[in-house]
Amino acid sequence: MSKAELHIDGKKIELPIVEGSEEGKAIDISGIHARNGIITIDPGYSNTGSCKSAVAYVDGERGILNYRGYPIDQLARKSTFVETSFLLIYGHLPTADELSAFREKLVKNSLLHEDMLHFYDGYPTTAHPMGILSSMVCSLSSYYPDFLDPSNPEHVECLIPRVLSKIRTIAAFAYKKSIGQPVIYPCNSLDYCANFMNMMFAVPSEKYDIDPEIVKALNALLILHADNEQNCSTSTVRMVGSSDANLFASIAAGICALWGPKHGGANQKVVEMLQYIKDNNLNVKTLVAQAKDKNSGFRLMGFGHRVYKSYDPRAKVIKDMSRDLLAKLNRSDPLLDIAQELEAIALEDDYFIERKLYPNVDFYSGITYRAIGIPLNMFTVMFAIGRMPGWIAHWKEMHESSDNRIGRPRQVYTGSRVRDFVPIEQR
Ligand code: SDX
């Protein structure tokens, strides 16, 4: 194993180099504090690996994302979300029997405990569904008190299909409640995505025809959102899970992290930005100029990425998908035209080129959700449904790893030196 040398205060510290199965290399600093009384610091963890993982491989310079070795564009074209979920969680493409058994578990675990429906009554109709989603997922732990031990494989296998299946039901019920319509229960004869569409858009008073083109696009969209290695929300799921908090609680925390506009919340912000440009008939060049002006407080949402320093491979597929789906539905969306104009101008601009700012997964996803009929404030919920198998896979991988220790970063203290308490009359 090759080594790195650190010379500090006249002392040579040798550190092993960890090599990944693809291009990745890392300096292993575990034990550096115990042996040398020193830590490293890396705000935002841009240069720090939290773990070894076999779930997904990202090459940000070359714009590569593979799930368990399979390129995402192949999975988006050839797989289903349920099959890709199995792949991410269990590490291999399922046999026909494995897929059928996995699918059956999802079908049989799509209902919520009937008491959970009362939780929705407490939310204002204006509540953002991400807050409801996180609360409801965490509340699932109240209904499986005897299956919450992360070290018990039987407990884990009990919870995985339940959270992966029920996330759809929780999301659709939140939407129905927000618009005052009766909830539509899961239908066991429908597959994963069609079942979700039915719960979202069917009404008891008339037949709802599920468009197979929309189901196909939704499968692909969810696949493309399913994992992206150690992003903010997945790292949150790992961090919370590292305390041996149960799967539901860990995922609920990940949903909260995803909600942020710097992360999954960006897909809603992108469409709000595009709509603002359209409604105010703004010149796209003006917006790009604003995005470059640090004092404007405006950022080009859906652009830039901590890891992808080239075109996000998911954005490429989703951009084409949004165009194809609109054509198949014989519809157009002026926001797609604005998005493409924005992209063209930004990618020619030195500010974006120098900083390697490209469209990310969120730039075109909202256009596709609009074409499918998903309401704006449910866009990030769709991201959470898609990311569910990735969160589960990482949580499971962490608990099965010999490196599984509670996450507890250190710090460099920059506050006051030690001082004595001052009585209030002397202050
Ligand atoms: C997701 O990590 C993942 O994998 C996330 C994700 C996943 O699958 O889980 O891929 C999903 O969250 C995608 C990102 C969605 N967020 C957005 O689209 C929000 C807009 N983008 C950013 O705010 C930003 O690009 C981040 C948050 C995505 C990345 O932030 P970084 O890595 O901390 O980069 P930075 O803020 O330090 O920016 C570096 C430079 C700065 O300029 P300088 O100080 O060097 O002059 O680039 C500029 C920034 O001002 N910049 C932007 C910009 N993004 C970065 N300028 C204008 N518009 C932008 N969008």
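Counting convention: from 1, in listed order, for ligands and their atoms alike. Note that the structure is predicted; figures quoted are calculated from it, not measured. Here, residue 1 is the first one in the sequence, and each next residue gets the next number.
Ion pairing between a basic and an acidic side chain is recognised when a charged N comes within 4.0 Å of a carboxylate O; K316 and D312 show no such pairing.
No side-chain donor from either of D97 and T95 sits under 3.5 Å from a side-chain acceptor of the other.
Within the 4.0 Å heavy-atom criterion, neither part of S233 lies near ligand 1. Contacts between R387 and ligand 1, counted as non-hydrogen atom pairs separated by less than 4.0 Å, involve the side chain only.
Taking only nitrogen or oxygen atoms, main chain and side chain alike, F303 reaches within less than 3.5 Å of ligand 1.
Shown in contact with R306 at under 4.0 Å from a heavy atom are these atoms of ligand 1, numbered in order with element: 29 (C), 31 (P), 32 (O), 33 (O). Ligand-side atoms of ligand 1 in range of K294: 42 (O), 43 (P), 44 (O), 46 (O), 50 (O), range being under 4.0 angstrom from any heavy atom.
For atom 30 (O) of ligand 1, the nearest protein heavy atom is 4.0 Å or more away.
Of the candidates H305, R299, R355, the one placing a heavy atom closest to atom 49 (C) of ligand 1 is R299. With atom 1 (C) of ligand 1 as the reference point, the heavy atom nearest to it among R314, K309, H263, M273 is part of H263.
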Full working for side chain to side chain contact (heavy atoms under 4.5 Å, CB included) between R299 and K269: CA-CA 10 Å; R299 276 203 163 180; K269 294 293 178 193; over 6 Å; no
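The nearest heavy-atom contact from the protein to atom 17 (C) of ligand 1 is A266 CB, 3.5 Å.
Using a 4.0 Å heavy-atom cutoff, L357 is listed among the residues neighbouring ligand 1. Close to ligand 1: G302, with a non-hydrogen atom less than 4.0 angstrom away. Residue F363 places no heavy atom under 4.0 Å from ligand 1. Using 4.0 Å as the threshold, G265 has no heavy atom nearer than that to any atom of ligand 1.
Aromatic pair H155/Y144: centroids not less than 6.0 angstrom apart.
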